[in-house]
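For reference, the structure discussed in these notes is given below.
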Amino acid sequence: MNHKLRLYKKEKLCSNTAINMLFRPEGSSQATLAYPLRAVWRQNDGRYCDAKMQFLISIPKKRLHHAVDRVMMRRRIREAYRLNHHDYTLTDNSKIDVAFIYIANSLLPYKIIEKAMKKILKNISENYLNVENSNEKDI
């Protein structure tokens, strides 16, 4: 088993405080869209966990009415994240919280989910590096 592609418990976003900060309207969260996924993310330097990125997955009941469909899409999104999140780099001291929200009204194949996940991870990586560079210029 390749341990590099493994997901650990510390990578799950479970803190109610962090989740509330992520979705707070006046917060410093950023969003990106790659159909059928929407991602909301923010930098969280106050976290004690050593994981660079913590994530959660939301599949609204309004979009997929059957629980088996929501579970299947959650598994597909988690698998796409697991296989692709190592390809996008963040700085060593960065800590980011991400929420992946499914916005399609029907089940979609894994290939479409994976393509959207790669696009979102690329956007987060690029935006984060741009924010890092602008903060260094301000100092």
Shortest non-hydrogen contact from [X] to [Y]?
X: Y102; Y: P60; answer: O-CD, 3.4 Å
X: A116; Y: P36; answer: CB-CD, 3.8 Å
X: L22; Y: A99; answer: CD2-CB, 3.6 Å

Roughly how far, to the nearest 0.5 Å, is the [atom2] atom of [Y] from the [atom1] atom of [X]?
X: H65; Y: R63; atom1: NE2; atom2: CZ; value: 10.0 Å
X: Y110; Y: M117; atom1: OH; atom2: CE; value: 8.5 Å
X: Q43; Y: K95; atom1: CD; atom2: NZ; value: 10.5 Å
X: L5; Y: N84; atom1: CG; atom2: CG; value: 9.0 Å
X: R76; Y: E114; atom1: CZ; atom2: CD; value: 12.0 Å
X: R6; Y: H86; atom1: CZ; atom2: NE2; value: 11.0 Å

Would you check if [X] and [Y] make a side-chain contact, meaning some heavy-atom pair closer than 4.5 Å?
X: K118; Y: Y88; value: yes
X: I112; Y: K115; value: no
X: K9; Y: C14; value: yes
X: Y81; Y: E11; value: yes
X: M72; Y: R75; value: no
X: N123; Y: W41; value: no
X: R78; Y: L7; value: yes
X: F100; Y: L56; value: no

Notebook entry, point to check: Can you tell which of I77, I101, I103 makes a side chain to side chain contact (heavy atoms under 4.5 Å, CB included) with L37?
Noted result: I77
Margin query: Membership question, hydrophobic clusters at under 4.5 Å side-chain separation (ILVMFWY): are I57 and V71 in the same one?
Written below: no
Next item on the list: Establish whether F55 and M21 are linked, either directly or via other cluster members, by ILVMFWY side-chain heavy-atom contacts under 4.5 Å.
Entry: no
Check: Is a side-chain donor or acceptor of R42 paired with a backbone partner of V98 at a separation under 3.5 angstrom?
Finding: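 Looks like no, no N/O pair under 3.5 Å.
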Check: Does any N or O in the side chain of T32 come within less than 3.5 Å of the main-chain N or O of A39, such that one atom is a donor and the other an acceptor?
Finding: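 It does not hold such a pair.
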Notebook entry, point to check: Are R82 and E79 ion-paired here, with the side-chain N under 4.0 Å from a carboxylate O?
Noted result: yes
